[in-house]
Amino acid sequence: MSSNKPSIPKGTRDFSPIEMNRRNHIFFTIKKVFEQFGYQPIETPAMETLGTLLGKYGEEGDKLLFKVLNSGDFLSAVTPDDLREGNATRLSTQISEKGLRYDLTVPFARYVVQHRNEITFPFRRYQIQPVWRADRPQKGRYREFFQCDADVIGSDSLINEAELLQIADQVFVQLSIKVVLKLNNRKILGGIAEVIGHADKITDITVAMDKLDKIGIDKVNEELSARGIDALAIERLQPIIQLGGSNAEKLEQIGKVLAESEEGMKGIAETLEVFRLSEIMGIQSPLELDLTLARGLNYYTGAIIEVKAADVSMGSVCGGGRYDNLTGIFGLPGISGVGISFGADRIYDVMLELNLFPSATASSTQVLLVNFGGKEEQLSIQMAGRLRTLGLNTEMYPDNAKIKKQFSYADSKQIPWVIIIGENERTTGTYILKNMKTGEQQTTAPEMILSHLLKNL
RNA sequence: GUGGUUUUAGCUCAGUUGGUUAGAGCGUCUGAUUGUGGUUCAGAAGGUCGUGGGUUCGAGUCCCAUAUUCCACCCCA
């Protein structure tokens, strides 16, 4: 033992085999659905230049960026005066020019601009990679986590929005997670802010409204007031804050308030259309309009999507929306995109909490051959080869250990079948196949074992 | 970034107002069972009590610092 225990950075995790099998199950499911909808994979570097990253996620986001120290003599550009001043932000730009990616959307926007001549629009891509945020860790909140993004860029059609909802629906149906799909629209929020005469306060209004369930209507109004919304405006907001009924009813009520806002009415029309298309697509999960969704308000311009797991207290497991001009920042204006992002780690946590992982994900080995050494070992190795040729995941126990130990090994790895080729089997030419679940075993010719396994796996 | 919380065996946790050699369950290993796992029985190994200081005759227990976990705020997958 070394004197100090090794450790990993705060908010990061190791993944052991059983966890990886489960995680791969999630990734595989998401990937499969993405591909069924025609999305193609890309990957981008873990690091981006800070120029790409900074200023895209708001002031808060910039603080949460992991910056990478320049290689070599990174202090060469720094003067003693800079150090004395202690301006951390300025100093950081002198000693660091790269950062770890914060999400997959901004790198994708960068990618689209950089590869615009190779891309056929509309371009549907998916991307499953880790992202890093220097956030304070909590349950379901890590400093390194995987996002699974699907975006379509270069199409204004609302079919894309509805299709992303359908993708989310299918992923969670296939993973057996009950979810609620939530939809909002930046234009509706903008319209509300405009109509009450506080066009610049969209965020403040939404943040306050979001707390209705937690703190009640009176406190929400207090908070609105504290955030600089005048009494008349708050008065006009009341029917919107206390909105109820079905999605259609809600939209109708909002429509009355927003009648004089062109932007707001456009948002309502868009939302109605997305609901209509979703119905045609036959989405199974409940889909509801939720005006308090403020996620990604920095760059979303139309629909805002969020998915929450039912029956579990966890942040959202999936989020997304429409951004009309994300590539504009990188010099390619006028291209609209819409995307969705699955939080694989949170999905994992939800599934663990709800006991949703199939037991089959515990091990991938299907057959174990017991090792008796000598001539028997040779036969076992050959048998293992034949099994693999037939497509069975097969393990040969590497040592001539006690049989009991080899069986315990199979048991702990939950390997369903064990084949025994010992001295008796070698002389008779018949091998033993044991079913580890039932405990039954049979002694037959190798060919019979092969066909029996093929039938039963 | 602000306030709080957690940390004792591989895992989950006990440990009294500070007082001999820090415990349990599960897991691991060995044997009962020299060609058979999951059940049972017997036994064993495994801890400088997160780390570093301090107070004390004496610290797992009290104080300070630091790391980590989780929670609220902020924000977010």
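Letters go in sequence order (proteins before strands), and every chain restarts at 1.
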Do you know which of A/F342, A/F146, A/Y348 makes ring pair (Phe, Tyr, Trp, His ring centres under 6.0 Å) with A/F27? A/F146
Please give the distance between the [atom1] atoms of [N] and [M] as a whole number of Å.
{"N": "B/C63", "M": "B/G27", "atom1": "C1'", "answer": "37 Å"}
{"N": "B/G46", "M": "B/G35", "atom1": "C1'", "answer": "32 Å"}
{"N": "B/U7", "M": "B/U69", "atom1": "C1'", "answer": "8 Å"}
{"N": "B/A9", "M": "B/G50", "atom1": "P", "answer": "8 Å"}
{"N": "B/U30", "M": "B/U36", "atom1": "P", "answer": "15 Å"}
{"N": "B/U61", "M": "B/G23", "atom1": "C1'", "answer": "16 Å"}

Does any donor atom in the side chain of [X] or [Y] lie under 3.5 Å from an acceptor atom in the other side chain?
{"X": "A/Q382", "Y": "A/R386", "result": "no"}
{"X": "A/D169", "Y": "A/S285", "result": "yes"}
{"X": "A/Y111", "Y": "A/E43", "result": "no"}

Got a sec, which pairs hit ring pair (Phe, Tyr, Trp, His ring centres under 6.0 Å) with one end in residues 291-324 of chain A, sequence neighbours left out? none
Applying ring pair (Phe, Tyr, Trp, His ring centres under 6.0 Å), can you list everything that pairs with A/Y142, at least two apart in sequence or on another chain? none
What class does the angle between the rings of A/Y57 and A/Y102 fall in, given that below 30° is parallel, 30 to 60° is tilted and above 60° is perpendicular? tilted
Base, backbone or nothing for each nucleotide of nucleotides 29-41 of chain B, written B, S, -, heavy atoms under 4.0 angstrom, 5' to 3'? --S---BBBB---
Scan nucleotides 69-77 of chain B nucleotide by nucleotide, 5' to 3', and note B when protein non-hydrogen atoms come under 4.0 Å of the base, S if they reach only the sugar-phosphate, - if neither. SSBBSBBBB
Test ring pair (Phe, Tyr, Trp, His ring centres under 6.0 Å) on A/Y126 and A/Y39 and set out the steps. CA-CA 6 Å; A/Y126 74 85; A/Y39 289 77; 7.7 Å; no
Donor-acceptor contact present, side-chain A/R346 to main-chain A/G140, <3.5 Å: yes
Tell me whether A/S96 contacts the main-chain N or O of A/K98 through its side chain, where contact means a donor paired with an acceptor under 3.5 Å. yes
So that I can compare with my own list, what are the stems of RNA chain B, taken as at least three consecutive Watson-Crick or G-U pairs with distances under 3.5 Å? B:1-4 with B:70-73, B:10-13 with B:23-26, B:28-32 with B:40-44, B:50-54 with B:62-66
Output all residues satisfying side-chain contact (heavy atoms from CB on, under 4.5 Å) with A/E440, sequence neighbours left out; order by chain, then residue number. A/T438
